[in-house]
Amino acid sequence: RHFWGWLNAVFNKVDYERIEAVGPDRAASEWLLRCGALVRYRGYQKWQQDYNGLPTGPLGKYKIEAINATESCIMYRGFDYLDGLEHVTEIKLQKCIYIQDECLQRLSETKNLQKSLLQLWIISCGNVTDKGIIALHRLTNLEYLYLSDLPGIREKEMTVRVLQQALPNLELELDLE
């Protein structure tokens with residue numbers, strides 16, 4: 001288990017030279033796919049899941065619109081890859097063992113995501129607590145938030161109230177015990 005944690009940390013190490021060389025969307029795609037996540041590009045229906053099948057073509061042609069990180073090993077360490085993404089409208093974090101409050105805080109502080117992110121699903125991420133969910137209030141354009149199977153949420157009513165006050169247009173769907 002320790003070995004896998006080390007390997008996942010290696011997968012999440014940010015290569016700033018790579019971001020500079022190929023652009024933020026390509027570099028983020030490589031990171032996400034390396035960690036087992038899927039990406040969908042703007043103007044395409046198909047999810048990209050094969051690292052070796054990443055589309056080629058002019059740099060900047062493929063813009064990430066959606067991220068499905070179900071059962072992926074993405075972790076805080078790699079979140080700098082998200083900084084340059086300008087077109088991400090939806091993110092699904094499901095069964096992500098390395099996702100914790102700091103990740104959600106970092107997500108909500110990412111300027112481009114504050115503008116573009118419309119839909120977010122957080123499902124079965126055992127290290128997420130009320131603190132992480134409350135941090136999402138900075139995602140001012142968020143229209144839909146789905147929260148399910150999050151045992152770390154202890155103050156459900158208070159957390160919901162804080163989010164609804166900060167984001168009055170947010171449709172919040174809860175499946176929490």
Side-chain angles (χ1 to χ4, degrees), residues 1-2 4-14 28 31-40 47 49 64-177:
R1 187 142 177 92
H2 179 73
W4 292 113
W6 171 83
L7 186 61
N8 291 333
V10 170
F11 283 162
N12 278 277
K13 187 176 187 311
V14 179
W31 164 61
L32 289 160
L33 294 178
R34 207 171 37 239
C35 291
L38 310 175
V39 296
R40 194 179 69 231
W47 287 91
Q49 56 190 16
I64 297 175
E65 179 177 65
I67 297 168
N68 182 341
T70 299
E71 295 183 346
S72 72
C73 69
I74 65 169
M75 59 178 64
Y76 183 85
R77 183 176 193 178
F79 273 48
D80 283 4
Y81 279 111
L82 300 174
D83 288 339
L85 304 181
E86 298 178 354
H87 305 282
V88 177
T89 59
E90 51 185 84
I91 296 177
K92 184 177 193 177
L93 303 171
Q94 182 171 358
K95 296 182 182 173
C96 299
I97 61 172
Y98 299 109
I99 293 295
Q100 55 206 30
D101 293 342
E102 293 76 19
C103 298
L104 299 182
Q105 221 160 339
R106 176 72 172 81
L107 197 72
S108 70
E109 291 168 355
T110 304
K111 295 288 180 219
N112 285 327
L113 292 178
Q114 288 175 348
K115 295 179 198 139
S116 70
L117 192 62
L118 303 176
Q119 300 177 5
L120 179 60
W121 292 261
I122 304 171
I123 304 162
S124 303
C125 295
N127 296 318
V128 170
T129 71
D130 300 277
K131 179 183 171 196
I133 299 302
I134 288 172
L136 299 174
H137 78 276
R138 290 189 194 92
L139 295 170
T140 50
N141 286 323
L142 197 62
E143 296 173 353
Y144 178 80
L145 176 61
Y146 179 77
L147 304 174
S148 176
D149 185 27
L150 300 171
I153 304 289
R154 304 253 189 261
E155 304 288 330
K156 185 169 73 173
E157 289 78 16
M158 185 268 302
T159 299
V160 166
R161 194 169 47 251
V162 169
L163 277 180
Q164 288 176 330
Q165 284 173 348
L167 305 168
N169 298 324
L170 178 67
E171 180 187 338
L172 184 57
E173 195 173 336
L174 303 174
D175 181 14
L176 302 171
E177 288 306 310

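Only heavy atoms go into these numbers, but all of them, side chains included; no hydrogens, no water, no symmetry mates.
Atom CH2 of W121 sits about 10.0 Å away from atom CG of L145, to the nearest 0.5 Å. Atom CD of residue Q165 and atom CG of residue L167 lie 10.5 Å apart, to the nearest 0.5 angstrom. One finds the CD1 atom of I99 at 4.0 Å from the CD1 atom of I74 (value rounded to the nearest 0.5 Å). To the nearest 0.5 Å, atom CG of residue N169 and atom CG of residue L142 are 11.0 Å apart. Separation of atoms CG (L118) and CG (L113) is listed at 10.5 Å; rounding is to 0.5 Å. To the nearest 0.5 Å, the span separating CD on E71 from CG on L38 amounts to 10.5 Å.
Every residue meeting the side chain to side chain donor-acceptor pair (under 3.5 Å) condition with D80, not counting sequence neighbours, appears here in chain and number order: Y16, R106. Looking at residues two or more places apart in sequence or on another chain, you find no side chain to side chain donor-acceptor pair (under 3.5 Å) involving T140. Every residue two or more places apart in sequence or in another chain was checked for a side chain to side chain donor-acceptor pair (under 3.5 Å) with E157, and none qualifies. The side chain to side chain contact (heavy atoms under 4.5 Å, CB included) test applied to D175 returns Y146, S148, not counting sequence neighbours. Every residue meeting the side chain to side chain donor-acceptor pair (under 3.5 Å) condition with E102, not counting sequence neighbours, appears here in chain and number order: Q100.
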Return a table of donor-acceptor pairs under 3.5 angstrom between the side chains of residues 122-139 and protein atoms on other chains or two or more places apart.
from	atom 1	to	atom 2	distance (Å)
S124	OG	D149	OD2	2.6
N127	ND2	I97	O	2.8
T129	OG1	D101	OD1	3.2
T129	OG1	D101	OD2	2.4
T129	OG1	K131	N	3.3
D130	OD1	E155	N	3.1
D130	OD1	T159	OG1	2.6
D130	OD2	R154	N	2.8
D130	OD2	E155	N	3.2
H137	ND1	I134	O	2.8
R138	NH1	S108	OG	3.4

Show every donor-acceptor pair shorter than 3.5 Å between a side-chain atom in residues 84-95 and any protein atom, with sequence neighbours excluded, or say none if there are none.
from	atom 1	to	atom 2	distance (Å)
H87	ND1	R42	NH1	2.8
T89	OG1	E65	O	3.4
K92	NZ	Q94	OE1	3.4

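With Y144 as the partner, the side-chain hydrogen bond (donor to acceptor under 3.5 Å, both in side chains) test is satisfied by one option alone out of Q119, E171, E173: E173.
Taking the side chain as every heavy atom from C-beta outward, L32 and S72 never approach each other to under 4.5 Å.
A perpendicular orientation is assigned to the rings of W31 and F79, their planes being inclined by more than 60° (bins at 30° and 60°).
In plain terms, the two heavy atoms of Y98 and C103 that are nearest each other are O-SG, 3.8 Å. Residues M75 and N12 share a closest heavy-atom pair of N-OD1, 3.0 Å.
A distance-only check finds no donor-acceptor pair linking the side chain of N141 to the backbone of L117 [under 3.5 Å].
Around CD of E109, the count of heavy atoms belonging to other residues, nucleotides or ligands within 6.0 Å exceeds 12.
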